[in-house]
> 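Could you have a look at this structure, given as structure tokens, before my questions?
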Amino acid sequence: MSAKSSEQTISVPHPRETTALFGHQDAEATLLNAYRGGRIPHAWLIGGPQGIGKATLAYRMARFVLAHRDPTSPQVQSATSLGLDPMHPVVRQVAAESHGGLLTLERSLNDKGVMRTVITVDETRQTVSFFGSTAAVDGWRVCIVDTVDELNANAANALLKVLEEPPLRSLFLLVTHAQARVLPTIQSRCRKLALRPLSVADVTRATSQAGEIETSDPLLKEVAEASEGSVSRALNLLGGGALKLHQRTASLLNTLPHVDPRELHALGDALGTSDRVALGAFVDSVDRWIGERMRADDANANANLPRLARLAEVWEKINRAARETESYNLERKPLVFSVFGLLAEATR
């Protein structure tokens, strides 16, 4: 398949179905060594920019633990990675969401078939029964939260209660795109594992595999270089129009807090009325811009904490509005003006 011929969303496997991991060998080794050392922390906060393989690593760890219950076994002690044979029963069960030892918390469909904007408290309370009852399988029980950023306030508090008194042989793998947005009380109960953006070479290989695109395609190289280490961003940009829209949005974001209404009207028109690829490119560009500034402030000892808090709040509002726009197929132009209005106010 040629990337140039792709002007629609590429069907990408869910991380639960993905066995290959590109990059992140150090992070994988950290998890593996902690497990076979016999004193693995019960909760991990796996952080980093969106689309770099955090959830893929979490599922890879979950499958390994569920397949190898005893960390002292020869198979674990001699393992060089967390990888399992794609035909392993645990791999197939996790992909089919049928393994009794794994619970996944992620946004789901409501009664009307529309994707929720948050992970609800009722869903999060499943962890109580999951960890508090007799396991459907012997050995470890693992909970993946993808992402902890999408827990509403009540859901975050419900998760915290389970983290405070973790059951034996329990493992929590919490994925976050923005660690600064995670409750400090949750952070304090997790070991943090930060993942860096992928190299251009890794993005190229991963995107080629996910999108079934020849690595020699010139557009693939262009989007890999523009992706800043994110495979999901590269996949969103594969449509030629999406790449241009990303570049246009990034240019306008760099003018903040100043905004030109004429440019915003033009950007809204470029998003169209129902193009999910264009909307994805726009939202992804905004997410990246906010994320970069939040990470810079979070790493700065003299950070402007009020601004950091404002950006975190705005990020949550923008992502909720974007999900509603996509779910209900709303007009794109009001979203563009709302996004830039919120960001202009937060960055003044």
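We count residues from 1, following the sequence as given. Values in this document were obtained by computation on a predicted structure and should not be read as measured data.
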> Is atom CZ of R262 surrounded by more than 12 heavy atoms (other residues, nucleotides or ligands) closer than 6.0 Å?
no
> Do R323 and M115 have side chains that get closer than 4.5 Å, going by heavy atoms?
no
> Side-chain contact, heavy-atom cut-off 4.5 Å: V90 with H99?
yes
> Applying side-chain contact (heavy atoms from CB on, under 4.5 Å) between W315 and each of D287, L343, V286, D149, report the one that passes.
D287
> Please determine whether the number of non-hydrogen atoms from other residues, nucleotides or ligands lying under 6.0 Å from atom CD of E165 exceeds 12.
no
> Taking side chain as C-beta onward, heavy atoms only, is T204 less than 4.5 Å from K221?
no
> Take F64 and L31 through the side-chain contact (heavy atoms from CB on, under 4.5 Å) test and state the conclusion after the steps.
CA-CA 10 Å; F64 186 85; L31 289 169; over 6 Å; no
> Given the rule in the side-chain contact (heavy atoms from CB on, under 4.5 Å) test, do R36 and H68 qualify, once you have shown the distances and angles that lead to the verdict?
CA-CA 10 Å; R36 65 182 165 206; H68 302 296; over 6 Å; no
> When you measure from the side chain of R116 to the backbone N and O of R107, does any donor-acceptor pair fall under 3.5 Å?
no
> Using side-chain contact (heavy atoms from CB on, under 4.5 Å), reason through V162 and V128 one step at a time and then give a plain yes or no.
CA-CA 7 Å; V162 182; V128 176; 4.0 Å; yes
> If you measure from the Lys or Arg side-chain nitrogens to the Asp or Glu carboxylate oxygens, is any gap between E324 and R320 under 4.0 Å?
no
> Keeping the roles fixed (side chain from T147, backbone from T176), state whether a donor-acceptor pair exists under 3.5 Å.
no
> Ion pair present between R233 and E228, side-chain N to carboxylate O less than 4.0 angstrom?
no
> Going by heavy atoms in the side chains, are N157 and L183 under 4.5 Å from each other?
yes
> Taking atom CG of L168 as the centre, does the number of heavy atoms from other residues, nucleotides or ligands within less than 6.0 Å exceed 12?
no
> Would you call P49 and S230 a side-chain contact if the rule is heavy atoms closer than 4.5 Å?
no
> Going by side-chain contact (heavy atoms from CB on, under 4.5 Å), L193 matches just one of L173, L57, L45. Which one?
L57
> So which atom in L237 and which in A226 form the shortest heavy-atom distance, rounded to 0.1 Å?
CD1-CB, 4.2 Å
> Please answer whether the main-chain N or O of P334 pairs with a side-chain N or O of S338 as donor and acceptor at a distance below 3.5 Å.
no
> Counting C-beta onward and ignoring hydrogens, is there a side-chain heavy-atom pair between T19 and D85 closer than 4.5 Å?
no
> Taking L220's backbone N and O only, do any of them form a donor-acceptor pair with E225's side chain (distance below 3.5 Å, no angle check)?
no
> For K192, is the NZ atom crowded, meaning more than 12 foreign heavy atoms sit under 6.0 Å from it?
yes
> How close do L174 and C190 get, heavy atom to heavy atom, and via which atoms?
CD1-SG, 3.7 Å
> Testing the basics here: between G229 and I52, what is the closest heavy-atom pair and its distance to 0.1 Å?
O-CG2, 3.1 Å
> Counting N and O atoms only, with roles assigned by atom type, does the side chain of N33 sit under 3.5 Å from a partner on the main chain of A29, one being a donor and the other an acceptor?
yes
> Do the rings of Y59 and H14 sit parallel, tilted or perpendicular, given the 30° and 60° boundaries?
perpendicular
> Does atom CG of D26 have more than 12 heavy-atom neighbours from other groups under 6.0 Å away?
no
> A side-chain contact here means heavy atoms from C-beta on lying under 4.5 Å apart; do L82 and Y35 qualify?
no
> Is the shortest heavy-atom distance from the side chain of V203 to the side chain of F22 under 4.5 Å?
no
> Mind checking the CG-CD1 spacing from L105 to I119? Nearest 0.5 Å is all I need.
6.0 Å
> Strictly distance-based, threshold 3.5 Å: is any side-chain N or O of Q50 a donor or acceptor partner for the main-chain N or O of D284?
no
> Test of understanding: clusters of I, L, V, M, F, W, Y form through side-chain heavy atoms closer than 4.5 Å, transitively. Do V94 and V76 belong to the same one?
yes
> Without hydrogens or angle criteria, can the side chains of E123 and T120 be said to hold a donor-acceptor pair below 3.5 Å?
yes
> Look at the side chain of S208 and the backbone N and O of I213, then say whether any donor-acceptor pair between them is shorter than 3.5 Å.
yes
> With a 3.5 Å distance limit and no angle check, can you tell me whether R169 reaches the backbone of R69 through a side-chain donor-acceptor pair?
yes
> When hydrophobic residues are tied together by side-chain contacts of less than 4.5 Å, even through go-betweens, does I144 share a cluster with L84?
yes
> So does L252 get a backbone contact from the side chain of T255, meaning a donor-acceptor N/O pair under 3.5 Å?
yes
> So, for P166 and S170, which heavy atoms are closest and what is the spacing to 0.1 Å?
CB-OG, 3.9 Å
> Would R205 and Q209 satisfy side-chain contact (heavy atoms from CB on, under 4.5 Å), going step by step from the backbone distance to the final call?
CA-CA 6 Å; R205 291 190 298 124; Q209 182 179 101; over 6 Å; no
> Please check this pair: side chain of K54 against backbone of H177, looking for a donor-acceptor N/O pair closer than 3.5 Å.
no
> Is it true that, when you exclude Q247 itself, more than 12 heavy atoms of the residues, nucleotides or ligands shown sit nearer than 6.0 Å to its CD?
yes
> List the atom of A270, the atom of L245, and the distance in Å for their closest heavy-atom pair.
CB-CD1, 4.1 Å
> Can you name the nearest heavy-atom pair linking L159 to T124, along with the distance?
N-CG2, 3.7 Å
> Cut-off 3.5 Å, side chains only: do R288 and H246 have a donor facing an acceptor?
yes
